[in-house]
Number of protein chains: 4
Amino acid sequence: MTDSKETARTRGAGAKRRRLMEAAADVVHRQGAERTTIADIARAAEVPVGNVYYYFKTKDELVAAALSEHERHLNLLVSQLDRLPGPRERLKGLIEGWVGQRDLAARYGCPTGTLAAELGKRDEGGLDVEAGRVVRILLRWVADQFRELGQPDPEGLALTLVGAYQGMSLLANALRDPGVMDREGARLIAWIDSLHAA
Amino acid sequence: MTDSKETARTRGAGAKRRRLMEAAADVVHRQGAERTTIADIARAAEVPVGNVYYYFKTKDELVAAALSEHERHLNLLVSQLDRLPGPRERLKGLIEGWVGQRDLAARYGCPTGTLAAELGKRDEGGLDVEAGRVVRILLRWVADQFRELGQPDPEGLALTLVGAYQGMSLLANALRDPGVMDREGARLIAWIDSLHAA
Amino acid sequence: MTDSKETARTRGAGAKRRRLMEAAADVVHRQGAERTTIADIARAAEVPVGNVYYYFKTKDELVAAALSEHERHLNLLVSQLDRLPGPRERLKGLIEGWVGQRDLAARYGCPTGTLAAELGKRDEGGLDVEAGRVVRILLRWVADQFRELGQPDPEGLALTLVGAYQGMSLLANALRDPGVMDREGARLIAWIDSLHAA
Amino acid sequence: MTDSKETARTRGAGAKRRRLMEAAADVVHRQGAERTTIADIARAAEVPVGNVYYYFKTKDELVAAALSEHERHLNLLVSQLDRLPGPRERLKGLIEGWVGQRDLAARYGCPTGTLAAELGKRDEGGLDVEAGRVVRILLRWVADQFRELGQPDPEGLALTLVGAYQGMSLLANALRDPGVMDREGARLIAWIDSLHAA
DNA sequence: GATGAATGAGATTTCATTCAT
DNA sequence: CATGAATGAAATCTCATTCAT
């Protein structure tokens with residue numbers, strides 16, 4: 001019964017909050033934080049506008065929620081990659097994941113990167129530095145892989161790899177050309193392959 | 001003729017227009033296009049708000065002006081670099097210029113790149129693709145240098161170099177760490193040095 | 001009967017209602033009726049928001065409850081003062097009670113007076129005149145004391161005394177100076193002392 | 001011509017700001033600061049809502065403007081009273097002025113006093129203490145008169161007189177009875193008359 | 001052209017009140 | 001009765017754009 005007729009408790013509450021976070025992440029990625037209105041997110045989540053404020057006290061909290069949604073996705077991704085046998089496979093899996101998002105990147109850029117760029121223009125509210133946290137998570141994981149590969153300066157290599165991803169996403173987006181993702185992705189894969197383990 | 005005919009009024013007008021463009025480029029870089037108001041730009045340019053509309057009919061035109069101002073800067077830069085004896089020197093000069101802007105990049109990112117990311121979120125008005133034009137100018141020039149160096153796939157290498165720049169700017173910005181510019185800049189210089197001319 | 005029949009449920013309910021009234025009186029005194037939200041009162045009373053409406057159908061009823069709470073306090077006070085031997089002692093006891101609240105008055109004014117001032121701005125809902133009722137109770141009691149003292153025009157003297165209290169509370173509040181209560185309180189005591197009984 | 005057809009400069013600008021201040025003072029007096037909306041004031045001043053913000057950046061600034069309007073009225077009043085030959089006449093003139101406002105006081109209380117009571121409930125924004133400034137101006141002037149009359153403790157007497165005014169206004173308002181103003185006004189006049197100059 | 005002022009559409013936010021369980 | 005969640009009507013505030021002189 002409760003199965004066929006979901007109660008407010010099972011369907012609502014947490015579920016609605018989750019829906020709002022997902023909607024925020026998606027809409028903010030496509031429209032940008034500044035151009036996105038609460039109404040946009042509410043509509044996407046199929047929630048009445050006034051109700052949004054029951055879950056998030058301000059628009060900034062919703063933007064922060066979008067960011068933490070990206071963080072969640074990132075954590076999911078790396079936990080999946082961690083199942084791969086070796087660091088080289090994991091790094092290549094990461095790159096393949098990026099290339100798999102070629103069309104989305106060509107249209108809207110990297111979700112985290114573009115949000116970081118936009119939030120970085122602020123100078124109050126604390127959100128301006130928040131995006132850095134997510135970026136750092138990725139950098140740390142990538143550096144771990146390079147370290148496991150026995151590479152010197154794993155942190156530097158992580159900057160190079162993640163930077164390359166951000167750069168290729170931005171160019172693919174600016175040129176509206178998913179091919180950039182393919183070409184640069186292939187180059188990165190080749191680079192990873194060329195590294196000899198210690 | 002235009003010289004002899006230029007009155008104080010027309011010169012003043014031109015000067016105002018120029019001031020507005022420069023202010024737009026600067027303020028939009030620091031605050032982002034969406035968060036910047038016409039009044040912000042007018043104030044920075046020391047032009048009365050109501051007067052702005054004699055030079056730019058809409059806010060979008062002002063944003064386009066900011067973009068063309070970046071284009072102008074880019075053209076100035078490459079015309080200076082073109083005076084250097086060889087393509088390798090020119091590419092290294094370009095990279096050194098990027099690193100020279102390390103603090104600005106760490107605080108606000110690459111002016112063109114962040115604007116491209118922001119405008120890319122739009123889907124009407126034409127501005128969404130405009131930023132690509134400026135990026136393409138840079139890509140073309142860089143490809144020319146690689147070509148002159150006798151490198152195969154100069155366009156691909158250009159994507160790699162410019163992408164690396166966009167990526168390192170974004171990371172420096174997200175992490176608020178100018179050191180990223182130094183490290184990655186050094187790596188790019190070393191890469192250029194390692195290429196053997198044909 | 002009601003004693004033996006009172007279950008934990010009904011006692012709990014009554015307790016909640018009482019808690020809500022006390023919270024309303026307190027919070028409304030400190031924040032003003034208009035700035036106080038139902039949620040503020042619910043929180044102070046430790047009652048879930050949605051539950052408030054089982055005890056008070058509207059916010060106005062809660063404000064009325066705050067007023068009646070002040071009325072209850074007033075009744076308690078005069079019933080205690082009535083135990084004093086003579087009218088002069090009772091009036092002086094009243095004044096001493098006022099001065100005893102000096103710090104509260106300097107911070108938030110007289111609970112009834114400030115609420116009367118706020119509600120007096122309304123012109124519908126009936127609450128606008130309600131505060132007058134409480135004021136009248138005090139005036140009547142004070143007049144009774146003056147009458148018992150054999151003073152002519154006891155109602156007029158009551159207006160003077162209660163008016164002096166309201167005035168000194170308001171000034172103490174506006175100037176944030178509890179000393180006003182001391183000084184004017186002493187003057188009123190001296191005045192009462194100076195009256196010779198008939 | 002400019003006479004028959006007032007220009008925006010002569011009619012607008014300052015005049016509109018003035019109109020808004022007067023409307024704010026009036027409407028806030030009648031409705032209270034909290035219940036008054038920007039739209040209420042805009043309507044009373046015959047100004048479009050959006051335009052209000054050209055003159056006052058926030059609602060709080062409008063409330064502050066209402067307060068300063070009361071301050072202006074007070075300054076006008078005392079400067080008129082200052083033309084009277086002696087301090088006794090001036091004080092009596094002040095009281096007569098109060099009594100002259102009997103109906104307004106009975107309906108809405110003293111403009112400054114009720115605003116002070118309402119703003120005193122706030123604890124941030126600075127407006128909470130602002131009303132005290134206006135009260136102090138009156139107190140100082142009244143004390144000056146008592147001093148000129150050769151009375152000891154002129155500041156204390158000022159507190160008593162102004163407090164009496166605030167108290168009678170509040171009671172007249174709470175009881176909706178202008179007669180309170182007459183009776184207490186007469187008492188105060190008699191008091192002033194009873195003081196013998198030094 | 002130049003300018004302060006004006007305008008209205010829309011965005012965020014608050015909250016009394018109601019609903020579903 | 002109890003309760004967290006829901007709802008919609010307002011209110012404040014912002015700003016691109018236009019107007020009047």
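In what follows, chains carry the letters A, B, and so on, assigned in the order in which the sequence lines appear, proteins first and then strands, with residues in each chain numbered from 1. Values below: every heavy atom of this structure, side chains too, minus hydrogens, waters and symmetry copies.
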(Q) Restricting to side chain to side chain contact (heavy atoms under 4.5 Å, CB included), what partner residues turn up for T112(A), sequence neighbours left out? (A) H70(A), C110(A), V134(A), V135(A)

Q: Taking all heavy atoms of A117(C) and all of T114(D), pick out the closest pair and write down the distance.
A: CB-CG2, 4.2 Å

Q | ring pair (Phe, Tyr, Trp, His ring centres under 6.0 Å) partners of F56(C), counting only residues at least two apart | A | none

Q. In whole angstroms, how far is the P atom of dT14(E) from the CZ atom of F56(A)?
A. 15 Å

**Q.** Where L20(B) and A42(B) come nearest, the two heavy atoms and their spacing
**A.** CD2-CA, 4.4 Å

**Q.** Residues forming a side-chain hydrogen bond (donor to acceptor under 3.5 Å, both in side chains) with N51(D), sequence neighbours excluded
**A.** none

Q) Under the side-chain hydrogen bond (donor to acceptor under 3.5 Å, both in side chains) test, which residues partner D128(D), sequence neighbours left out? A) none

Q. Quick one: is K16(C) getting a side-chain N or O under 4.0 Å of the dT3(F) phosphate, OP1 or OP2?
A. yes

Q) Want to settle it: does N51(A) or G50(D) sit nearer the 5' end of DNA chain F, counting the closest nucleotide to each? A) N51(A)

Q: Specify the separation, in whole Å, of atom CD of E46(C) and atom P of dA2(F).
A: 15 Å

Q. For DNA chain E, what dot-bracket results from Watson-Crick or G-U pairs at under 3.5 Å, with [ ] for crossers and | for inter-strand partners?
A. .||||||||||||||||||||

**Q.** Comparing V52(D) and V52(B) on DNA chain E - which has the more 5′ nearest nucleotide
**A.** V52(B)

**Q.** Contact under 4.0 Å: Y53(D) side-chain N or O vs dT14(F) OP1/OP2
**A.** no

**Q.** Atom-pair distance (CD1 on I38(D); P on dG8(E)), nearest Å
**A.** 17 Å

Q. Quick one: side chain to side chain contact (heavy atoms under 4.5 Å, CB included) partners of E69(C), sequence neighbours excluded?
A. M21(C), E22(C), A25(C), R72(C), H73(C)

Q: Mind calculating the distance between CZ (R18(D)) and C1' (dA5(E)) to the nearest angstrom?
A: 18 Å

Q. Could you give the NZ-to-P distance, from K57(C) to dC1(F), as a whole number of Å?
A. 13 Å

Q. Can you name the side chain to side chain contact (heavy atoms under 4.5 Å, CB included) partners of E130(D), sequence neighbours left out?
A. L67(D), L127(D), R133(D)

Q) Can you name the residues that form a ring pair (Phe, Tyr, Trp, His ring centres under 6.0 Å) with Y53(A), not counting sequence neighbours? A) none

Q | For DNA chain F, the residues among residues 21-37 of chain D that have a non-hydrogen atom under 4.0 Å from it | A | T36(D), T37(D)

Q: Give the minimum heavy-atom separation between R17(A) and Y55(A), together with the two atoms involved.
A: NH2-O, 3.2 Å

Which side-chain N or O atoms in residues 34-41 of chain C pair as donor and acceptor under 3.5 Å with protein atoms at least two apart or in another chain?
residue: E34(C); atom: OE1; partner: R35(D); partner atom: NH1; Å: 3.3
residue: E34(C); atom: OE2; partner: R35(D); partner atom: NH1; Å: 3.3
residue: R35(C); atom: NH1; partner: E34(D); partner atom: OE1; Å: 3.3
residue: R35(C); atom: NH1; partner: E34(D); partner atom: OE2; Å: 3.1
residue: T36(C); atom: OG1; partner: Q31(C); partner atom: OE1; Å: 3.4
residue: T36(C); atom: OG1; partner: G32(C); partner atom: O; Å: 2.6
residue: T37(C); atom: OG1; partner: A39(C); partner atom: N; Å: 3.4
residue: T37(C); atom: OG1; partner: D40(C); partner atom: N; Å: 3.0
residue: T37(C); atom: OG1; partner: D40(C); partner atom: OD1; Å: 3.4
residue: T37(C); atom: OG1; partner: D40(C); partner atom: OD2; Å: 3.3
residue: D40(C); atom: OD1; partner: R43(C); partner atom: NH1; Å: 3.4
residue: D40(C); atom: OD2; partner: T37(C); partner atom: N; Å: 3.1

Q) With sequence neighbours left out, what residues match A44(A) under side chain to side chain contact (heavy atoms under 4.5 Å, CB included)? A) A23(A), V27(A)

Q: For R17(A) and dG4(F), give me the distance from atom CZ to atom C1', rounded to whole Å.
A: 14 Å

Q. Got a sec? Which of residues 58-68 of chain B come in under 4.0 Å of DNA chain E, heavy atoms?
A. none

Q. Nearest-Å distance, CG (D40(B)) to P (dT14(F))?
A. 12 Å

Q | N or O in side chain of Y54(C) less than 4.0 angstrom from dT3(F) OP1/OP2 | A | no

Q. Atom CZ of R43(A) to atom C1' of dT12(E): distance rounded to whole Å?
A. 15 Å

